[in-house]
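Written out below as structure tokens is the structure these notes cover.
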Amino acid sequence: MHIPDGYLGPQTYITAFGVMAPVWAWASHKVRTTLRLRQVPLMALGAAFTFVIMMFNVPVPGGTTGHAVGAVLVAILLGPWAAVVAVSVALAVQTLLFGDGGVTAFGANCLNMAVIMPFTGWWTYRLMAGRSPAASKRRWVAAALGGYVGLNAAALSAAFMFGIQPALAHDAAGRALYCPFGLHIALPAMAIEHLLLFGVVEAVVTGLVVAYLSKSEPALLECGVALSPALGGRPLWKKLALGVAALVLLTPLGLMIPAKLGAGDAWGEWGGDRLTELAGYLPAGFGKVAALWHAPMPDYAPRGAEEAALPVLSGWYILSGALGVLAVAGLVWMARRWLSRKETDGIAS
Amino acid sequence: MDKVFDFRGVSFAYPGREPSLREATFEVAGGERLAILGANGSGKSTLLHLMDGLYFAQSGEVRAFGQRLTPESVERPPFGPLFRRRAGFLFQNSDAQLFCPSVEEELAFGPLQMGWKEEEILRRVGDTLGLLGIAHLRDRPPHGLSSGEKKKVALASLLILSPVVLLLDEPTAGLDPRSQGILLELLDDLHGMGGLTLVTATHDLELLPHISDRVLVLGEDHRIAADLPTERALGDTGLLLSVNLIHAHRHRHGAMVHSHPHQHTRTHDHAHGEGKDHLH
Amino acid sequence: MDKVFDFRGVSFAYPGREPSLREATFEVAGGERLAILGANGSGKSTLLHLMDGLYFAQSGEVRAFGQRLTPESVERPPFGPLFRRRAGFLFQNSDAQLFCPSVEEELAFGPLQMGWKEEEILRRVGDTLGLLGIAHLRDRPPHGLSSGEKKKVALASLLILSPVVLLLDEPTAGLDPRSQGILLELLDDLHGMGGLTLVTATHDLELLPHISDRVLVLGEDHRIAADLPTERALGDTGLLLSVNLIHAHRHRHGAMVHSHPHQHTRTHDHAHGEGKDHLH
Amino acid sequence: MVRRGLGGLVGIATVLLDDGLAAGRQGWLGRVDARAKLLGLLSVLVATTFLRNLGPLALCLGAAWALAWFGGLDMRRVALALLAVPAFTLALAAPAAFNVVTAGTPLVVLCHLGGGHWGPWRVPEFLTVTDRGLFVAARFALRSAACVSLASVLAAATRPQDLFKGLRGLGVPAAFVMVAAMMTRYLDLLLRSAEEIHLAKLSRSLGGVGVAREQAWAAAGMGELYRRSRTVAESVAEAMVSRGYTGEVHTLRQGRWSWQDGTFVAGCLAFGAALLALG
Ligand SMILES: Nc1ncnc2c1ncn2[C@@H]1O[C@H](COP(=O)(O)OP(=O)(O)OP(=O)(O)O)[C@@H](O)[C@H]1O
Ligand SMILES: Nc1ncnc2c1ncn2[C@@H]1O[C@H](COP(=O)(O)OP(=O)(O)OP(=O)(O)O)[C@@H](O)[C@H]1O
Ligand SMILES: [Mg+2]
Ligand SMILES: [Mg+2]
């Protein structure tokens with residue numbers, strides 16, 4: 001999921017850096033104030049731990065192995081803001097020293113793996129784990145689900161970044177400048193891979209490590225809570241809802257800003273063509289539109305309504321995003337009910 | 001089963017480094033007590049990893065129980081599992097060796113893989129813990145144990161499979177004299193019961209007489225510098241100086257300084273004009 | 001400045017544990033060489049952490065250079081920085097102590113915190129590396145150094161601030177006899193230059209005469225069992241037995257087994273009917 | 001399989017985190033100030049992402065390789081990044097040449113697919129390589145290769161510790177730089193721990209026990225590693241405090257720029273501008 005250099009155009013990667021700058025500033029402020037003397041070593045070891053986690057191959061049923069990203073695990077263990085710093089640093093070192101992930105795509109990679117992933121995963125985990133004791137079974141089931149949700153959210157976002165490239169940036173002849181695969185390919189490819197394989201690995205790793213720690217040293221599981229935003233105040237589910245809503249709303253914004261920037265750009269006459277194209281691609285990502293294959297290139301299938309396209313597109317995106325969120329929320333809710341019923345059964349019997 | 005290990009011109013280098021072991025040639029007979037002696041970084045741990053089929057020679061040939069050790073042979077049944085059961089390896093760092101959430105699971109790790117029956121395993125776990133006198137630790141997580149207890153648990157996790165060869169990497173490092181003594185006695189007892197081959201890596205000269213009859217001395221050039229009976233090796237100050245295990249030692253006695261080759265296993269008393277007798 | 005440290009009834013427990021140190025009362029005078037002796041887990045490292053103002057007494061009082069050590073006092077200038085400059089702590093684990101990307105930065109870390117001038121720092125780094133004979137390591141990253149080199153770099157990173165107290169936590173553990181000897185000589189030289197107070201934690205009885213004039217013995221009940229001159233402590237077999245540092249040792253000589261209290265610092269030769277002389 | 005994966009990576013990490021005494025860092029490129037290298041090479045890298053013609057992209061790739069060669073880098077070490085990663089990108093870019101991804105005039109007809117629909121997707125009549133597709137794939141692969149080569153030249157010519165110092169010199173906050181530098185310091189330690197834990201398990205592994213147990217053990221290894229990370233982090237914090245750390249990060253300032261450093265940056269900027277002018 002590490003996006004290399006050359007896959008994303010400047011509009012996308014600059015936007016990603018723009019989004020990350022305030023996030024980094026806020027995260028380091030948070031970490032500094034909560035940890036003070038321990039911040040530097042703890043973040044450094046957290047980052048090194050994330051890095052090494054990515055090297056553990058974990059067997060999955062079916063005879064293959066895969067490796068986890070570990071961002072949700074770090075969020076659970078150290079708190080989500082600490083995870084933002086730790087995973088960002090791990091990604092920076094991978095980029096600069098090991099050539100894993102691009103330098104220009106660094107902001108985008110951080111957005112996916114150091115922000116979207118730990119936060120969605122951590123919210124899911126907190127929501128499901130509730131106030132259960134550190135040693136309870138609910139903790140690790142919650143962690144596994146958190147890992148699954150977090151990884152898929154990150155993968156979705158990465159696929160989205162890939163997928164909008166051909167539409168956002170192409171030359172006069174309509175040939176893609178960067179990643180040539182549109183949303184209709186990028187989204188299903190990433191989704192299938194991550195829903196069926198890597199998501200499972202992430203879930204297994206996150207769940208089992210939390211299970212191991214809850215068995216052998218539950219105290220370690222409580223530090224994450226201590227280092228994370230206070231649980232008091234607004235109920236957690238409200239925070240979750242707010243956060244997810246913000247993410248869903250922000251991403252089209254990320255689309256719009258480059259679109260506005262791009263319109264005045266000297267070396268791209270992206271105007272109507274791109275938007276039409278985007279409008280044609282987007283819903284496809286969610287597997288709904290059968291006829292999209294007609295128009296891989298807008299030159300062959302020009303459409304009208306150029307100006308209206310962006311709002312329409314954003315609307316589509318928000319709608320599908322909201323649907324996805326609802327589906328996940330439903331899943332979490334059902335799992336939670338199932339677990340707490342099992343727990344009360346256990347107490348009753 | 002006469003020769004347990006047979007090394008012929010074995011060299012090994014970590015990726016991207018200079019060789020950590022050069023052209024080692026030696027044999028280990030069944031029931032022998034061999035010590036591998038060398039300064040820090042001379043390649044003792046590397047040699048033990050090669051003996052346990054965890055690393056593989058880049059040139060030369062390693063044979064164990066008559067069979068060549070290769071990445072394939074140690075994985076393929078019947079030799080692979082048999083070899084792993086016969087050879088037990090006590091790591092230099094027992095923290096690394098203990099990776100299960102409780103002592104009981106730690107001990108059950110090996111037997112579980114051999115498909116023993118559950119009751120049989122639990123019985124053996126109890127027996128082994130009893131043998132080492134650590135039955136009270138059964139349900140504790142290994143990381144909360146003291147360093148001496150960790151060593152014992154690590155040893156127990158090897159002994160439960162009744163190995164015929166024990167590879168010990170600095171078994172007494174970091175232990176206080178009493179825990180050291182207890183461990184040495186235990187090893188002595190195990191060897192006394194017969195048949196066990198003991199290979200111990202150490203840089204502690206004082207330990208040698210307790211754990212070995214024969215010594216393999218590794219030089220700082222990562223070659224075998226000598227292969228001698230223990231008593232002769234300890235007596236050979238020139239050899240020990242040449243592999244940098246001892247050095248010309250200066251002593252301050254009050255205001256006086258004098259120097260002579262020094263070896264920490266020996267006590268030598270000497271009087272100075274104004275001073276009292278010293279023990280070093 | 002006569003009393004460097006002054007402990008009065010100091011107790012300390014890690015959160016949620018039994019106390020690791022109970023009612024320690026002792027003093028350390030300037031220029032003294034004190035050893036803290038105790039079995040594994042007796043609380044030696046804990047005591048040194050208390051002396052260095054890293055942990056704070058839960059009851060009782062710790063004074064250093066006449067000032068009470070509290071979480072506030074070690075942070076507030078002028079005492080805080082002054083105390084940090086005067087006391088240097090060599091950790092048991094040098095990997096934890098070396099956290100900078102190169103040896104040069106490692107040495108510069110302390111002075112930078114003190115706000116020294118850049119050129120001054122670079123000059124001192126050169127001097128200190130020269131003093132320990134490791135100038136060639138200046139640009140190397142600390143991982144990748146051998147354990148002996150790591151210890152020296154860690155020591156250099158303390159010495160650059162010209163401390164008047166060195167707290168050493170098992171400085172020779174894991175080092176081969178030669179590196180041990182070199183380190184001991186170095187400490188000897190430093191102490192010889194005058195004024196330096198040395199406090200060394202160890203469970204190595206053999207080390208004691210080289211590094212201390214006085215010994216504080218910690219028992220396994222985490223209390224101070226004795227406070228004696230080194231020579232008397234080493235001679236007191238009863239004491240060492242009672243704090244579990246030595247134990248009644250069995251020897252196998254051929255087929256014979258006999259036991260007697262055993263202490264690793266002494267050589268005792270004894271002959272058996274059929275055997276030769278042994279050295280342990 | 002797991003062992004080889006881990007062992008190999010540990011090997012790579014050891015090589016990459018090497019002492020910096022390696023030959024590659026002794027050449028003239030190795031002596032250029034880290035800030036200058038970062039500034040110069042990254043500006044060329046950014047320029048590369050704006051290019052749209054094959055010519056300038058190829059020029060850029062060639063320049064990166066030439067820099068590696070004439071800068072006195074250890075080519076064995078760079079070759080891995082210069083060849084392996086672009087090869088991967090090439091494989092990834094290849095499908096873009098086909099008409100299923102990029103429509104256009106068919107150049108080569110590969111096989112008959114038969115048309116119709118497959119799920120929501122429409123399948124074309126023939127699988128062909130198209131002219132536009134070939135161009136798109138070539139440009140994509142070339143751009144990625146050029147970018148990756150530039151980045152790996154930067155990494156190979158600079159010791160990790162200097163790279164982070166350079167970042168600090170370019171205005172990245174000291175705390176981030178210190179965290180990153182400390183991370184590389186402890187990466188080696190944790191990788192060795194991970195390898196040790198793995199070998200410890202291997203030395204007692206007697207055969208298959210099923211995926212579930214294997215997974216549990218892998219997780220136990222990671223849990224153990226986490227505990228160790230925490231312990232080390234605690235001790236490191238203590239070691240830092242003991243040497244006077246109060247929460248403010250101070251690092252050594254940078255040396256002065258030499259005229260070579262200035263020339264290098266100017267050269268890179270000029271090259272980047274030239275590339276942009278070529279398009
Ligand atoms: N995992 C590793 N990767 C790279 N190099 C290594 C590794 N382990 C050891 N080395 C190097 O190989 C050489 C031999 O190391 P080894 O651990 O075998 O020495 P040793 O004799 O066991 O030392 P010690 O007494 O300190 O345990 C050393 O130079 C060491 O730096
Ligand atoms: N960080 C910690 N958290 C909890 N308990 C600890 C911690 N460090 C040490 N202890 C416990 O405190 C006691 C004293 O430990 P300490 O490390 O001071 O012993 P020591 O004398 O230095 O032993 P060694 O010779 O093994 O270094 C031990 O029982 C140990 O288990
Ligand atoms: Mg070793
Ligand atoms: Mg200690």
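Since this is a predicted model, take the numbers as computed values, not measurements. A note on names: the letters A, B, ... follow the listed sequences, proteins ahead of strands, and every chain is numbered from 1.
Across D/Leu38, D/Val232, D/Leu45, the residue that shares the most heavy-atom pairs under 4.5 angstrom with chain A is D/Leu45. When the candidates D/Met178, D/Arg228, D/Met240, D/Glu234 are compared by the number of heavy-atom contacts under 4.5 Å with chain A, D/Glu234 comes out ahead. Comparing A/Thr95, A/Leu73, A/Leu8, A/Leu213 by heavy-atom pairs within less than 4.5 Å of chain D, the highest count is held by A/Leu213. Annotation: maximal heavy-atom pairing with chain D below 4.5 Å, among A/Thr104, A/Val85, A/Val93, occurs at A/Val93.
The shortest non-hydrogen separation linking D/Cys147 to A/Gly6 is SG-N, 4.2 Å. Annotation for A/Ala44 and D/Met182: closest pair CB-CB, 3.7 Å, computed over non-hydrogen atoms. Closest of all the heavy-atom pairs between D/Met183 and A/Ala48 is CG-N, 3.6 Å.
Atom CG of D/Leu190 and atom CZ of A/Phe49 lie 8.5 Å apart (nearest 0.5 Å). The structure places CG of D/Leu167 at 6.0 Å from CG of A/Leu96, a figure rounded to the nearest 0.5 Å. Summarising the geometry, atom CE belonging to D/Met222 is positioned 4.5 Å from atom CD1 belonging to A/Ile53; distances are rounded to the nearest 0.5 Å. Distance check, rounded to the nearest 0.5 Å: CG of A/Leu45 to OG of D/Ser235 gives 9.0 Å.
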D/Leu42/A/Val103 under side chain to side chain contact (heavy atoms under 4.5 Å, CB included): CA gap, chis, key distance, verdict: CA-CA 8 Å; D/Leu42 291 190; A/Val103 180; 3.6 Å; yes

Candidate pair A/Leu78 and D/Tyr226, rule side chain to side chain contact (heavy atoms under 4.5 Å, CB included), full reasoning: CA-CA 11 Å; A/Leu78 294 178; D/Tyr226 177 69; 3.6 Å; yes

Residue pair D/Thr184, A/Phe51: steps toward the side chain to side chain contact (heavy atoms under 4.5 Å, CB included) verdict: CA-CA 10 Å; D/Thr184 55; A/Phe51 192 105; over 6 Å; no

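Applying the salt bridge (charged side-chain N to carboxylate O under 4.0 Å, His left out) criterion to D/Arg185, with sequence neighbours excluded, gives C/Asp95. Listed by chain and residue number, A/Glu217, D/Glu224 satisfy the salt bridge (charged side-chain N to carboxylate O under 4.0 Å, His left out) test with D/Arg227 (two or more places apart in sequence, or in another chain).
Here A/Tyr7 and D/Phe140 bring their ring centres to under 6.0 angstrom of each other.
Using a 4.5 Å cut-off between heavy atoms, D/Leu51 contacts chain A through its backbone alone, with no side-chain atom that close. Contacts of A/Ala92 with chain D are absent, with no heavy-atom separation under 4.5 Å from either backbone or side chain. With a 4.5 Å cut-off on non-hydrogen atoms, D/Val46 touches chain A through its backbone and its side chain both.
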